[in-house]
Every structure is written in C-alpha cells, then in structure tokens.
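These notes concern the structure reproduced below.
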Amino acid sequence: MKKAIIVFQKFPTPGKVKTRLAATIGNEKAVYIYSYLLNYTHKLISSITADVLIFHEGPIETEQYPKDNYSFFPQTGKDLGEKMSRAFDQAFEQGYDHVIIIGTDCLELRIRHIEEAFAVLKNNDLVLGPAEDGGYYLIGLNKNDGQLFKNIAWSSDAVFANTIAIATEKQLKVHLLECLNDINEYSDLCDPLKALVSKIDSK
C-alpha cells in the first residue's frame, strides 16, 4: 500500500506565521518558534516509511530536504479547507492508498501517532487527531471527500466538532487518535519552548 504524509507549511516570514503567538512575544520570536516546530516535524517523519508531499505557502528551499521521497507543491484554494481537499486530490491522483495531512504546530506529535493513523486507515474511512484547542493536528483518508472541508469555521474551536458532525451525517467510520496540544498562543508553549524564548531575550 502506498502511503503519503502531506505536510502543510509556510515560509517562515515575520508577520505571516504564528500570528497569534506573535501578538504576545513578537514576530522575531514567533518565527523562531515556527522554525523550531518545522524542523521538529520533518525530523520526526524522517523515520517513517512513507513519501512526504510538502504543500507550501510562500517560497521553499527544496535543497534543504531529502531528494528521494520528498515532493513539493504550492497550496491552492481560497481557504484552508479547499487547500487540504485539493492536496488530498493530488495525492490520490498520484496513486497513494493511505494519505494523512499534518501541520507543523504540534510538538507533542510522535511517530506512534502517525503509525497508528496509517494502521487504522485499513479499516476506517477517516482518522482524526483532535487538538485541545478544538481543531485537529492530523487528518487521514483512503479517498478524498470534499464535504469534510466545507462549511467549517476554520481557526476556531469548532473545527473538530464541525468535521465530526459531517462525518457522522455521511456515516463514515472514524478513528480518533490521542488528543494533543497545538501551539498557537503563548499559553500553549511548553517549558522547553519558553526557555528558548528566554534565550532570545537574553541575547
């Protein structure tokens, strides 16, 4: 079975990434935190047997990534839902059987979560990794269903609930992963990340 991990990411431009976090700690530190999370995410997935499809917003320095199993695509669509739906479409058109999408906001994400997502897709239509803020840090499908990405209040605490409601209406078989914390605001920072911010302050 061909597996793909889609990573949604942005070029770390001040004022364009981690804007809610930047409102508290400033753009420079927010970019630093975003870059740290981005590096963490790619280091994590490097040990998983799956192709990696990066869907990027803004420029990307492709030479910084492995050449053998990485592909790069610009994000297209008017909102996050349309962008994700189109990304799933592109992946399935390339012949992948199991596809998951992750972002770069979750420092609690572990290899076991991704491996569990791929494993349960053999017997489920949809896998979701709920986030404590009401969104989700992972979504996986065996085939795309555009309805899962329509009429969702993106960037709100209703994203997960909206998605589950649609899946229930469509009678999809759903598996939920462990609930984890996404990092969007200062209150989401764990002690190691707060320490990194403090180091920047001391320079």
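- Among all heavy-atom pairs drawn from A87 and I101, the shortest one is CB-CD1, 4.4 Å.
- The shortest non-hydrogen separation linking F73 to Q90 is CD2-NE2, 3.5 Å.
- The structure places CD of Q64 at 8.5 Å from CG of N39, a figure rounded to the nearest 0.5 Å.
- Hydrophobic clustering (side-chain heavy atoms under 4.5 Å, transitive across Ile, Leu, Val, Met, Phe, Trp, Tyr) keeps V52 apart from Y96.
- To the nearest 0.5 Å, atom NE2 of residue H56 and atom CZ of residue F11 are 11.5 Å apart.
- When all heavy atoms of Y137 and L180 are compared, the closest pair comes out as CZ-CD1, 3.4 Å.
- Here salt bridge (Lys or Arg N to Asp or Glu O under 4.0 Å) pairs that include residues 80-96, with residues two or more places apart or in two chains, are E57-K83, K78-E82, E82-R86.
- By the 30° and 60° cut-offs, the orientation of the rings of F72 relative to Y70 is tilted.
- Within the model, atoms CD1 of I139 and CG of L177 stand 11.0 Å from one another, a figure rounded to the nearest 0.5 Å.
- Residue Q75 holds its CD atom at 10.5 Å from CD1 of I6, rounded to the nearest 0.5 Å.
- Panel note: side chain D125, backbone N142; no donor-acceptor pair is recorded below 3.5 Å.
- Pairs of residues two or more places apart, or lying in two chains, that qualify as salt bridge (Lys or Arg N to Asp or Glu O under 4.0 Å) and include a residue from residues 159-170 are D145-K170.
- P74 and F55 get closest at one heavy-atom pair: O-CD2, 4.0 Å.
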Walk me through whether I5 and K3 qualify under side-chain contact (heavy atoms from CB on, under 4.5 Å). CA-CA 7 Å; I5 302 171; K3 299 182 293 186; over 6 Å; no
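- Shown here is E28, whose CD atom has no more than 12 heavy atoms of other residues, nucleotides or ligands within 6.0 Å.
- A salt bridge (Lys or Arg N to Asp or Glu O under 4.0 Å) check over residues 172-182, counting only residues at least two apart or in different chains, returns the pairs R112-E178.
- Note that the CG atom of L141 and the CG atom of L121 stand 7.5 Å from one another [nearest 0.5 Å].
- L172 and V127 are members of different hydrophobic clusters when ILVMFWY side chains are connected at heavy-atom separations under 4.5 Å.
- A 4.5 Å side-chain heavy-atom check between I114 and L44 finds at least one atom pair inside the cut-off.
- No side-chain N or O of H113 forms a donor-acceptor pair with one of E108 less than 3.5 Å apart.
- Side-chain N or O atoms of N69 include one that pairs as donor or acceptor with a backbone N or O of A50 at under 3.5 Å.
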Show me the donor-acceptor pairs, under 3.5 Å and distance only, between side chains in residues 128-136 and residues at least two apart or in other chains.
from : atom 1 : to   : atom 2 : distance (Å)
D133 : OD1    : G135 : N      : 3.0
D133 : OD2    : N184 : ND2    : 2.9

Determine whether Y65 and H42 satisfy the following criterion, ring pair (Phe, Tyr, Trp, His ring centres under 6.0 Å), listing intermediate values before the conclusion. CA-CA 9 Å; Y65 298 90; H42 285 285; 5.0 Å; yes
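- Side chain of Y34 to main chain of K10: a donor-acceptor pair is present (N/O by atom type, distance under 3.5 Å, no hydrogens or angles).
- The minimum heavy-atom distance linking A117 with L138 is given by the pair CB-CD2, 3.9 Å.
- Using a 4.5 Å cut-off between side-chain heavy atoms of Ile, Leu, Val, Met, Phe, Trp and Tyr, with links allowed through other members, V174 and F88 fall into the same hydrophobic cluster.
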Name the atoms and distances for all side-chain donor-acceptor pairs under 3.5 Å in residues 148-161, with sequence neighbours left out.
from : atom 1 : to   : atom 2 : distance (Å)
S156 : OG     : A153 : O      : 2.5
S156 : OG     : A158 : N      : 3.1

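- By the criterion of side-chain heavy atoms lying less than 4.5 angstrom apart, applied directly or through intervening Ile, Leu, Val, Met, Phe, Trp or Tyr residues, V7 is grouped together with Y36 in one hydrophobic cluster.
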Between Q9 and I60, does the side-chain contact (heavy atoms from CB on, under 4.5 Å) criterion hold? Intermediate values first, please. CA-CA 9 Å; Q9 64 186 64; I60 187 166; 3.8 Å; yes
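- Across L126 and A167, no two heavy atoms sit closer than the pair CD2-CB, 3.8 Å.
- Note: Q94 CD to L53 CG = 6.0 Å, rounded to the nearest 0.5 Å.
- Residues F92 and I102 are members of separate hydrophobic clusters, defined by side-chain heavy-atom contacts under 4.5 angstrom among Ile, Leu, Val, Met, Phe, Trp and Tyr.
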Please output the side-chain donor-acceptor pairs of residues 14-26 that fall under 3.5 Å, not counting sequence neighbours, one pair per line with the distance.
from : atom 1 : to   : atom 2 : distance (Å)
K18  : NZ     : D105 : OD1    : 2.3
K18  : NZ     : I183 : O      : 3.2

